[in-house]
Amino acid sequence: MAGDPQAIPRYRIAPSPTGFFHVGGARTALFNWALARREGGRFVLRIEDTDQARDRPQWTTGIIEALAWLGISSDDPTFEGPYFQSANAAAHVAAAERLFAAGHAYYCDLTPEQVQERSTSSGRPGYDGYSRERDLAPGPGRVLRFRVPDGTTIVRDRIRGDVTFEHAAIEDFVLLRGNGRPMFLLANVVDDIEMGITHVVRGEEHLPNAPKQQLMWSALGHGPPMWAHVPVLVNEQRKKLSKRRDKVALEQYRDEGFLAAAMVNYLMTLGWAPAGDTEIVPWAQIEEEFRIEDVTHSPGYFDVKKLAAFNGEYVRALPVDEFVDACRPWLPAHYDLDTFTAIAPLVQTRVVTLAEAPGLVDFLFLDEPQIDEAAWSKAMGPEWAGPLLDAAIDAYGAASWDTDTLKVELERIGAEHGQKLGKAQAPVRVAVTGRTVGPPLFESLELLGRERTLGRLRAARAKLAEPAPMP
RNA sequence: GCCCCCAUCGUCUAGCGGCCGAGGACACCACCCUUUCAAGGUGGCGGCACGGGUUCGAAUCCCGUUGGGGGUGCCA
């Protein structure tokens, strides 16, 4: 029962199926999860599918998969659900009828247009309580409105403290639509009561709903839950993250090769900080230290660059075999796993996301490297480039094929042309990999093998010898 | 318009009346290391929005101003 101090804490998240999982929702879910886990409580997932206009079964699956990716799943006894709000419609209506019978609600036959007209002509915003005392019976097209009493409501918020709302500023809001279907405010409260929810941790955009809902908890005969409204996530313009302008789908980050652990760590430290000088902390520590009371009061900028930095940290911290394994979904079919595994330690420190990994070493798996024109002209520009390539072809034909020898040979050749290794490696790198940057060259050559390396060097030499194409 | 929330480096934050001439992280800059690029190391740049109080003492408490944000649906 809500309000029973003996009861174990029951947290919940109540997402509506929209086709993707919002990063803000992910953060709220994580906050709830951390709290429920540490307090030995429950984490209830309730799908708020009341709005029939938008709902597809697969969207619910998407929510469950997104949560599981974050580490929130029914594998853990803390998890409860999913429940579906639509399945409880009868209870919502029954609660509405009880409120009506008890005088906490009344019917109104005004259309939305009429409400608007009255508001415009009176100059006062919102519904004016027109039908309060008209004592209307239920009927088609009539909405049921909550009778907001005189007075004030104090919402005790674990993050913000006491927030006072004057009832005068709260209009008699709709409980049941003209077609008899329940509204979100009603369904949400009825479900929370039925599910014994004791703690509500949700986005700050719901703060204005809290007094209305608290009034309903009370009218339905219950004390309110413990509220906590966490600040919203904003973009660089400091506007609430929106799916139209911003990249908000958790799935998208997952598909781009962000690690779940990095995402979780980043989200948890957006608005809260663990003790100590580092923000990169394992979940176990987060769970132990996280206090909802310590969450910041102000909106948090969802900084993809910082997320990327976190991800880089997590990628580098992976044991190599795990790194290779994690990369597999992004590896094209023609990539040989053994070769990729061999070069993996060298790509691991050079990527931010897993999706970047294959592109870094594509030259190992192609018949011919993709030559970048800008890289080509930069590396092949010096007059010593051709002769150096000739010397390399000559030396590499006979050299022992290992990283050290390859390096020593090119060092020698470079010196003969008055170039340090840093410069001398450029024409070779472009000839073999097609780019000026990439994993360490001689390790790459060793893996590529003598024949393919020589073939690419000769091809480059031939191309260099061609007369420059006339413009 | 009305209601509500918020305010420490560009960003995320530590700070809960003296330990703060404000600490860390990301980003940025420089240097070191170096076979390119990364990674790593060292150093640097940079902030308590403003004005009044309270107090021996304020980033920390109070009030106001300004500036942001959220809400204001027969959406959730």
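Just so you know, these numbers come straight off a predicted model, no measurement behind them. In the text below, chain A, chain B and the rest are named by the order of the sequence lines, each starting its count at 1.
- Comparing the C1' positions of B/rG70 and B/rA58 gives a spacing of 30 Å, expressed to the nearest Å.
- Between the P atoms of B/rC5 and B/rG47, the separation comes to 31 Å (whole Å).
- At whole-Å resolution of the value, CD1 in A/I280 and C1' in B/rU13 are 14 Å apart.
- OP1 or OP2 of B/rG71 has at least one side-chain nitrogen or oxygen of A/K240 nearer than 4.0 Å.
- RNA chain B is contacted by A/P208, A/N209 of residues 208-215 of chain A, taking any non-hydrogen atom closer than 4.0 Å.
- Side-chain nitrogen and oxygen atoms of A/T296 include at least one within less than 4.0 Å of the OP1 or OP2 phosphate oxygen of B/rU13.
- Across B/rC16 and B/rC28, the matching C1' atoms stand 32 Å from one another, rounded to whole Å.
- Contacts of A/P440 with the nucleic acid, taken as non-hydrogen atoms under 4.0 Å apart, include base atoms.
- Residue A/K306 places a side-chain atom within donor-acceptor reach of the base of B/rA25, judged by atom type and a 3.5 Å distance cut-off alone.
- A donor and an acceptor atom never sit less than 3.5 Å apart when one is taken from the side chain of A/K305 and the other from the base of B/rC26.
- As judged by a 4.0 angstrom heavy-atom cut-off over every strand, A/P439 is placed among the base-contacting residues.
- Listed candidates were B/rA7, B/rU35, B/rG23. Nearest to the side chain of A/D277 is B/rG23.
- Interface remark: the A/E279 side chain does form a donor-acceptor pair with the B/rG24 base, using a distance-only criterion of under 3.5 Å.
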Polar atom pairs (N or O), protein with nucleotides 41-43 of chain B, under 3.5 Å:
none

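- Residues from residues 350-366 of chain A with heavy atoms under 4.0 angstrom of RNA chain B, sorted by number: A/R350.
- Take A/F43 and apply the ring-ring contact (aromatic ring centres under 6.0 Å, His included) test, not counting sequence neighbours, and it matches A/W33, A/F79.
- In the region residues 111-129 of chain A, proximity to RNA chain B at under 4.0 angstrom, judged on heavy atoms, holds for A/T111, A/P112, A/P125.
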> Step by step, would you call A/Y253 with A/F310 a ring-ring contact (aromatic ring centres under 6.0 Å, His included)?
Replying inline: CA-CA 13 Å; A/Y253 290 96; A/F310 272 49; over 10 Å; no

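- Heavy-atom distances under 4.0 Å link RNA chain B to A/G141, A/V143, A/R145 of residues 135-159 of chain A, given in residue order.
- For A/M183, taking side-chain heavy atoms from C-beta onward, the closest of the listed nucleotides B/rA39, B/rA76, B/rG70 is B/rA76.
- For the P atom pair drawn from B/rC62 and B/rU54, the interatomic distance equals 15 Å after rounding to whole Å.
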